[in-house]
There are 2 protein chains.
Amino acid sequence: MSTSSALKFFMNLAKVQALVSRRFDRLNMHGLGFSDFMILYLLHQAGEERMRRIDLADRIGLTASGITRMLLPLEKNGLLKREINERDARVSYVVLTTAGKRLFNEALDTANEAAKDLLPAATVKAIKPLSDILATLGGNIS
Amino acid sequence: MSTSSALKFFMNLAKVQALVSRRFDRLNMHGLGFSDFMILYLLHQAGEERMRRIDLADRIGLTASGITRMLLPLEKNGLLKREINERDARVSYVVLTTAGKRLFNEALDTANEAAKDLLPAATVKAIKPLSDILATLGGNIS
DNA sequence: GACATATACTTGATTACTCAATGATTTTAC
DNA sequence: GTAAAATCATTGAGTAATCAAGTATATGTC
């Protein structure tokens with residue numbers, strides 16, 4: 001049996017993600033890893049800068065358990081805080097603090113620069129159809 | 001500052017890879033995770049089914065350290081074995097065993113099927129430009 | 001042919017996740 | 001209105017990786 005182009009695609013996806021995430025993490029953006037940055041990004045985007053943990057997990061593509069663990073150091077460093085939901089005691093919101101907002105804005109510049117650096121300028125123009133393909137695979141971050 | 005489309009692309013790449021790798025790993029292809037599968041794939045492709053650890057690391061997108069650790073259980077399970085290089089005592093080759101070859105062939109079917117399942121048939125045709133971009137980012141597995 | 005530098009690999013400590021199970025609460029169904 | 005099912009979050013145990021440092025060997029330079 002031969003290897004389908006679909007499978008090769010997924011192998012290259014895995015490899016590129018490994019390379020790219022290592023490069024982003026090495027930037028050590030103001031102390032944030034890339035996943036940390038994504039969490040701040042999603043919160044920044046959300047109305048009132050607050051999200052349920054489960055929604056955050058879903059949106060970032062991790063499990064609820066993973067989110068619980070990722071948030072711990074960010075809370076400890078005062079970038080996020082926790083808020084309860086009056087109507088549903090199971091829920092606890094994640095809320096961006098002022099410090100979190102400030103750090104995010106700084107990190108955003110760094111991240112944007114790194115992203116542009118990584119993605120050849122010529123390629124940027126061709127990116128729309130690619131984003132569409134990622135979207136069919138669950139990549140719905142905008 | 002706004003978010004460049006390049007940065008959004010990388011966030012979606014990260015998310016999709018997280019989703020996809022979880023789905024592949026849940027298949028538990030004959031006891032192999034997706035990274036294990038990739039290792040066997042690359043060895044299978046290599047001339048004489050042997051590679052230096054450093055080349056394997058490079059090709060799969062991990063660090064040498066990561067490779068050392070990933071190979072341990074595969075060696076213990078008899079899918080791979082270790083071979084020295086007569087000319088250079090620093091090198092130790094990774095070699096696919098007969099058992100490894102057999103398991104790889106079984107896993108390949110499962111992996112191909114899963115890949116086709118994941119990637120909408122309509123999309124497969126449109127995948128070329130994304131593969132090209134992945135290639136510029138270091139995704140050179142074929 | 002010795003010394004500095006580079007290369008291949010492993011190890012120690014740490015981080016970032018996973019799954020499966022559990023606790024707490026809410027919603028649904030009768 | 002109570003029992004069963006679903007949902008949200010956390011925890012315990014484990015895996016898969018990272019980086020930085022260390023060991024061993026090889027290569028290039030003078």
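Order of the sequence lines sets the chain letters (A, B, ...), proteins ahead of strands, with each chain counted from 1. Because only heavy atoms are used, hydrogens play no part in the values below, and waters and symmetry mates are left out as well, while side chains stay in.
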Estimated bend of the helix from C:dG1-D:dC30 to C:dC30-D:dG1 (axis per five terminal pairs, rounded to 10 degrees)
30°
With distance as the sole criterion, do the side chain of A:S65 and the base of C:dC19 form a donor-acceptor contact below 3.5 Å?
yes
Tell me the interatomic distance from [X], atom [atom1], to [N], atom [atom2], rounded to whole angstroms.
X     : N      : atom1 : atom2 : value
B:R22 : C:dC17 : CZ    : P     : 11 Å
A:D25 : C:dT14 : CG    : P     : 18 Å
B:F34 : C:dT18 : CZ    : P     : 17 Å
B:F37 : D:dA16 : CZ    : P     : 16 Å
B:I39 : D:dA16 : CD1   : C1'   : 11 Å
B:L32 : D:dA16 : CG    : P     : 11 Å
B:M38 : D:dA16 : CE    : P     : 15 Å
B:F24 : C:dT18 : CZ    : P     : 17 Å

Does A:I67 reach a base, just sugar-phosphate, or nothing at all? Heavy atoms under 4.0 Å.
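Touches nothing.
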Classify the ring geometry between A:F104 and A:H44 as parallel (under 30°), tilted (30 to 60°) or perpendicular (over 60°).
tilted
Judged by atom type as modelled, is there a donor-acceptor pair below 3.5 Å linking the side chain of [X] to the main-chain atoms of [Y]?
X      : Y      : value
B:N28  : B:G33  : no
A:D58  : A:I54  : no
B:T123 : B:L119 : no
A:E48  : A:V95  : no
B:R82  : B:E75  : no

So how far is it from A:I141 CD1 to A:R59 CZ, rounded to the nearest 0.5 Å?
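With rounding to 0.5 Å, CD1 (A:I141) is 6.5 Å from CZ (A:R59).
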Value rounded to 0.5 Å, distance of CD in A:Q17 from CG in A:L19:
9.5 Å
Heavy-atom contacts under 4.0 Å between residues 52-61 of chain A and DNA chain D, which residues?
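Listed by number, they are A:R52, A:R53, A:I54.
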Members of residues 68-93 of chain A that approach DNA chain D, where some heavy atom sits under 4.0 Å away
A:T68, A:R69, A:R82, A:R90, A:V91, A:S92
What are the two closest non-hydrogen atoms of A:F24 and A:A114, and how far apart are they?
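Nearest pair, atom of A:F24 first, then A:A114: CE2-CB, 3.8 Å.
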Does B:L71 share a hydrophobic cluster with B:Y93, counting links as ILVMFWY side-chain heavy atoms below 4.5 Å and allowing steps through other members?
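No; B:Y93 is not reachable from B:L71 via cluster members.
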Which residue in the set B:L96, B:L79, B:L56 passes side-chain contact (heavy atoms from CB on, under 4.5 Å) when paired with B:I39?
B:L56
